[in-house]
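Shown next, in structure tokens, is the structure this report addresses.
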Amino acid sequence: MKNIIFILVSMEILTSCELIVIGTKRQEIFEINQNSPIGTIFLFKAELDSSNIHAASQLLAHPNGMKYLAYEKYELFDDITRLKNIISHKPVTLVKADTISVNHCKVTVELDYLKTLQFTTSKLDDKWFITSIPE
């Protein structure tokens with residue numbers, strides 16, 4: 001009789017709902033906009049995933065802090081297209097942000113556990129822009 005009660009209680013405990021979760025990690029949620037350096041990188045990747053090279057070029061700026069002129073953006077289309085072929089439709093598996101100063105940040109992005117890219121971003125007029133794209 002004691003064995004039957006022990007078995008029933010054990011089965012009830014084993015089949016009950018999960019009360020304690022061990023080892024799960026919550027993913028951070030990033031807003032996809034130009035209000036943060038990581039959001040700018042995700043916006044850039046989203047534009048490349050949708051093959052919108054023109055909008056992706058709007059997120060780029062000179063390393064000295066000046067925005068690109070129209071013809072300079074046009075000249076970057078080949079480089080952006082090459083980068084699109086590398087990172088397009090690959091999941092982002094890791095993001096690290098390293099703050100250099102108040103207005104500069106390096107963002108390391110790992111894609112599909114295989115490819116690691118490092119972007120440099122700068123804050124211009126309260127918006128973040130990519131000032132260095134990986135070679």
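- When hydrophobic side chains of Ile, Leu, Val, Met, Phe, Trp and Tyr are connected at separations under 4.5 Å, Leu124 ends up clustered with Phe129.
- Judged purely by atom type and a 3.5 angstrom limit, Lys127 has no side-chain atom pairing as donor or acceptor with the backbone of Thr40.
- Listed by chain and residue number, nothing satisfies the ring pair (Phe, Tyr, Trp, His ring centres under 6.0 Å) test with Phe119 (two or more places apart in sequence, or in another chain).
- Heavy-atom minimum distance, Gln58 versus Lys73: OE1-NZ, 3.0 Å.
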### Task
Take Thr131 and Ser122 through the test side chain to side chain contact (heavy atoms under 4.5 Å, CB included) and record every step on the way to the result.
CA-CA 6 Å; Thr131 55; Ser122 294; 3.4 Å; yes
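- From Leu83, atom CG reaches atom CG of Leu76 across 11.0 Å, with rounding to the nearest 0.5 Å.
- For CG of Asn64, the number of neighbouring non-hydrogen atoms (other residues, nucleotides, ligands) closer than 6.0 Å is greater than 12.
- No donor-acceptor distance shorter than 3.5 angstrom exists from the side chain of Asp98 to the backbone of Ile100, with no hydrogens or angles considered.
- Salt bridge Asp78/Arg82: absent, no basic N to carboxylate O contact under 4.0 Å.
- Proximity of a side-chain donor or acceptor of Glu47 to a complementary backbone N or O of Phe44 within less than 3.5 Å is not detected.
- The environment of Gln118 atom CD is dense: over 12 non-hydrogen atoms of other residues, nucleotides or ligands sit within 6.0 angstrom.
- A 6.0 Å sphere centred on CG of Asn85 holds more than 12 heavy atoms belonging to other residues, nucleotides or ligands.
- At most 12 heavy atoms of other shown residues, nucleotides or ligands fall within 6.0 angstrom of atom OH in Tyr74.
- Taking the six-membered ring where tryptophan is involved, the planes of His62 and Tyr68 are tilted, since the angle between them lies from 30° to 60°.
- Applying the salt bridge (Lys or Arg N to Asp or Glu O under 4.0 Å) test to pairs two or more places apart or on separate chains, none has a residue in residues 108-119.
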